[in-house]
Amino acid sequence: MRDISHKLAFAHDGKAARYSDVFDPNNGTVQARVALGDKALLDRAVEAAKAAQPAWAAVNPQRRARVMFNFKALVEKNMDELAYLLSSEHGKVIADAKGDIQRGLEVIEFCCGIPHVLKGEYTQGAGPGIDVYSFRQPIGIGAGITPFNFPGMIPLWMSGVAIATGNAFIMKPSERDPSVPVRLAELFSEAGLPDGILQVVQGDKEMVDAILDHPDIGAISFVGSSDIAHYVYKRGVDNGKRVQAMGGAKNHGIVMPDADLDQVVNDLSGAAFGSAGERCMALPVVTPVGEKTAIALREKLIPAIEALRVGVSTDPDAHYGPVVTAAHKAKIENYIQMGVDEGAELVVDGRGFTLQGHEEGFFVGPTLFDHVKPTMRTYQEEIFGPVLQMVRAESFEEALKLPSEHQYGNGVAIFTRNGHAAREFAARVNVGMVGINVPIPVPVAYHTFGGWKRSAFGDTNQHGMEGVKFWTKVKTITQRWPDGGGTGDSAFVIPTMG
Ligand code: NAD
């Protein structure tokens with residue numbers, strides 16, 4: 001069986017005391033096993049990072065940017081191989097796997113401009129003969145801990161900005177689909193990144209805890225489920241680290257009575273069921289406003305959902321593939337049963353879905369619930385599968401309240417032709433990322449990604465200028481160059497610039 005190991009700056013035989021199975025979700029078989037690293041391995045990786053980082057921070061920013069340009073070209077050259085690898089472990093269809101890598105690559109494109117971004121600020125003549133300037137310096141050693149659902153994009157969100165700003169970075173991918181981050185790190189080496197600046201350590205909770213407790217790791221970026229995000233945030237901060245920890249989501253799509261329903265149905269099909277619903281920016285809740293909207297939307301949604309094509313991840317005609325593991329499939333199907341037990345109307349039931357020739361694959365058919373109530377557990381919790389829940393609202397105010405009062409606040413979308421309603425909604429909704437007639441409002445790389453409430457712990461977002469802030473510390477210099485001579489008077493009161 002194939003073994004998946006780490007990408008380290010020192011010689012290692014790849015063997016481990018513990019391993020975790022990596023499945024082929026299309027067939028339900030074990031396709032590889034991944035070595036689970038421990039504290040001793042992390043200690044060595046940190047030593048290698050410490051040795052390499054000062055020289056990397058001293059490389060001028062345009063040279064660091066050149067590595068980013070080279071890396072971008074290499075990823076583009078190897079896109080097909082990377083997408084197949086990603087799809088074979090995750091289960092998302094190939095076109096979607098390419099999108100996963102492409103969205104990460106857009107952060108690398110942002111990083112190609114790092115010399116401009118790091119220019120700093122300068123005030124000449126802030127006081128008599130006094131100039132003030134500030135610049136950003138790397139934290140030193142950063143670490144990233146990532147979820148299974150975007151094994152290309154999320155490691156690149158973190159590693160790109162951390163490295164471009166002069167840090168050494170240690171990546172701990174999800175043990176469920178661990179291969180793509182290793183391949184990306186190999187391409188970074190090929191692009192000219194010095195040894196020790198990007199290392200990949202595989203592992204589970206044991207490795208995460210070692211990262212959280214390591215005294216030489218200064219900043220940790222985490223993306224995953226909310227309970228683990230909260231744990232990572234608390235333990236990391238208690239250990240004096242800078243931590244950003246993104247968590248789960250339950251994004252709503254609000255459909256106003258004047259929305260173009262055909263467009264909404266197209267948008268919802270992709271946003272609720274694409275990648276089998278395993279996206280933190282999926283739209284698993286739809287809220288039609290008014291009875292007439294609900295009836296008309298439901299009428300159009302049912303045939304669209306029934307027409308969705310579920311297939312193996314290499315099928316170019318499939319809309320979505322299997323979910324990641326048998327355990328995740330069971331969890332989704334349990335939630336569907338819970339929805340029935342709670343009294344929601346199961347309109348399209350995706351349980352028991354099988355694909356000929358792939359009977360053991362982890363497939364879940366598209367599922368639609370109607371008459372879901374905010375008091376139901378299946379509404380309050382994240383399902384993370386191909387399940388769309390319709391929660392009807394009588395008015396704009398009631399619809400606005402639903403995402404605003406939900407425990408998660410990652411993304412939300414409103415579908416309307418009314419600019420005033422959209423503007424009002426965007427201003428008042430208690431959620432971090434808003435789409436107006438855009439179903440998956442993942443901001444572009446030079447803006448910034450992050451939710452509110454239990455969708456994100458810490459106060460700095462991913463990528464864009466927020467990412468640069470997270471991976472750097474600002475230093476401010478106040479300088480005076482006297483032209484010689486006298487010493488001036490001592491100042492016993494706080495100096496002001498007059
Ligand atoms: P997860 O929380 O199970 O795992 C995330 C990481 O934490 C993995 O690297 C894993 O090894 C590690 N981990 C797991 N259990 C741990 C424990 N007990 N202690 C310490 N570390 C542990 O998440 P997942 O299932 O891989 O990913 C899906 C989740 O990620 C969903 O909740 C989804 O909404 C969320 N997500 C959020 C965003 C965002 O930006 N807000 C983006 C993508 C995914």
Side-chain angles (χ1 to χ4, degrees), residues 18 20 22 34-37 42 89-92 100 103-104 107 143-158 170-178 180-181 200-213 220-236 243-251 275-285 323-325 327-329 331-332 335 381-385 406-412 431-433 440-443 448-458 460-463 466-467 470:
R18 296 189 304 125
S20 178
V22 177
V34 58
L36 301 177
L42 180 72
E89 292 181 353
H90 177 286
K92 62 177 76 174
D100 183 331
R103 288 305 301 250
V107 174
I145 301 160
T146 53
F148 82 86
N149 71 319
F150 277 100
M153 177 182 81
I154 295 178
L156 291 175
W157 277 0
M158 301 172 179
I170 296 177
M171 174 83 245
K172 206 295 291 168
S174 168
E175 61 277 40
R176 287 183 261 177
D177 44 14
V180 167
V200 179
V201 295
Q202 305 288 4
D204 56 7
K205 177 172 170 51
E206 184 178 339
M207 181 55 87
V208 172
D209 286 347
I211 291 171
L212 294 173
D213 293 343
I220 297 175
S221 181
F222 173 92
V223 178
S225 51
S226 288
D227 287 349
I228 315 281
H230 192 205
Y231 164 78
V232 163
Y233 182 74
K234 279 197 303 192
R235 188 155 166 171
V243 185
Q244 54 176 199
M246 276 62 191
K250 191 89 175 184
N251 308 320
S275 198
E278 295 169 318
R279 288 185 186 137
C280 67
M281 288 296 273
L283 274 188
V285 177
V323 301
V324 69
T325 57
H328 193 50
K329 174 180 155 118
K331 182 176 157 189
I332 295 164
Y335 269 121
E381 296 176 9
E382 182 184 43
I383 299 174
F384 220 55
H406 201 280
Q407 63 163 330
Y408 295 117
N410 217 37
V412 70
V431 169
M433 292 174 280
I440 305 183
V442 177
T448 183
F449 184 104
W452 290 3
K453 299 180 279 182
R454 277 183 66 77
S455 294
F457 302 90
T460 319
N461 280 358
Q462 299 279 349
H463 64 70
E466 290 263 308
F470 182 76

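Everything numeric here is computed off the predicted structure, so don't read it as measured data. Side chains included, hydrogens not; waters and symmetry mates left out as well; all remaining heavy atoms used. Indexing begins at 1, ligand by ligand and atom by atom, following the structure's order.
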Among all the protein's non-hydrogen atoms, which is closest to [atom], and how far away is it?
{"atom": "atom 21 (N) of ligand 1", "answer": "Val208 CG2, 3.4 Å"}
{"atom": "atom 24 (P) of ligand 1", "answer": "Arg176 NH2, 3.4 Å"}
{"atom": "atom 8 (C) of ligand 1", "answer": "Thr146 O, 3.2 Å"}
{"atom": "atom 26 (O) of ligand 1", "answer": "Phe148 N, 3.0 Å"}
{"atom": "atom 43 (C) of ligand 1", "answer": "Asn149 OD1, 3.3 Å"}
{"atom": "atom 42 (C) of ligand 1", "answer": "Cys280 SG, 2.9 Å"}
{"atom": "atom 2 (O) of ligand 1", "answer": "Ser225 OG, 2.5 Å"}
{"atom": "atom 15 (N) of ligand 1", "answer": "Ile228 CD1, 3.6 Å"}

Please work out which of [options] has its closest non-hydrogen atom nearest to [atom].
{"atom": "atom 19 (N) of ligand 1", "options": "Lys205, Lys250, His328", "answer": "Lys205"}
{"atom": "atom 35 (C) of ligand 1", "options": "Gly248, Pro147, Gly224", "answer": "Gly224"}
{"atom": "atom 7 (O) of ligand 1", "options": "Tyr231, Phe222, Phe449", "answer": "Phe222"}

Problem - Proximity flag Phe384 to ligand 1, non-hydrogen atoms under 4.0 Å - result: yes

Problem - Asp209 heavy atom under 4.0 Å from ligand 1 - result: no

Exercise for the section: Please check atom 4 (O) of ligand 1 for a protein heavy-atom neighbour under 4.0 Å. Expected result: no

Handout entry: Salt bridge flag under 4.0 Å for residues Arg176 and Asp204
Key = no

Practice task
Taking all heavy atoms of Ile211 and all of Ala143, pick out the closest pair and write down the distance.
Solution key: CG2-CB, 3.6 Å

Problem - Taking every non-hydrogen atom, the tightest pair across Lys453 and Gln407 - result: CB-O, 3.3 Å

Exercise for the section: Check whether the side chains of Gln462 and Ser221 place a donor and an acceptor atom closer than 3.5 Å, and report yes or no. Expected result: yes

Is there side-chain contact between [X] and [Y], with heavy atoms separated by less than 4.5 Å?
{"X": "Val180", "Y": "His90", "result": "no"}
{"X": "Asp177", "Y": "Phe150", "result": "no"}
{"X": "Arg235", "Y": "Asp213", "result": "yes"}
{"X": "Tyr335", "Y": "Ile332", "result": "no"}
{"X": "Glu466", "Y": "Phe470", "result": "no"}

When rounded to the nearest 0.5 angstrom, what is the spacing between [atom1] in [X] and [atom2] in [Y]?
{"X": "Met171", "Y": "Thr146", "atom1": "CE", "atom2": "OG1", "answer": "3.5 Å"}
{"X": "Ile154", "Y": "Met246", "atom1": "CD1", "atom2": "CE", "answer": "9.5 Å"}
{"X": "Lys205", "Y": "Leu36", "atom1": "NZ", "atom2": "CG", "answer": "14.0 Å"}
{"X": "His463", "Y": "Leu156", "atom1": "NE2", "atom2": "CG", "answer": "11.0 Å"}

Going by the order shown, which atoms of ligand 1 are within less than 4.0 Å of some heavy atom of [X]?
{"X": "Lys172", "answer": "8 (C), 9 (O), 10 (C), 11 (O)"}
{"X": "Ile154", "answer": "42 (C), 43 (C)"}
{"X": "Gly247", "answer": "34 (O), 35 (C), 36 (N), 37 (C), 38 (C), 39 (C), 41 (N)"}
{"X": "Val223", "answer": "5 (C), 36 (N), 37 (C), 38 (C), 39 (C), 40 (O), 42 (C), 43 (C), 44 (C)"}

Practice task
Using a 4.0 Å heavy-atom cut-off, say whether Glu175 meets ligand 1 through its side chain, its backbone, both or neither.
Solution key: side chain

Fill in the blank from the handout: At under 4.0 Å between heavy atoms, what of Glu382 touches ligand 1? The answer is side chain

Handout entry: Short N or O distance, Ser226 and ligand 1, threshold 3.5 Å exclusive
Key = no

Practice task
May I ask you to check if ligand 1 and Ile145 share an N or O to N or O distance below 3.5 Å?
Solution key: no

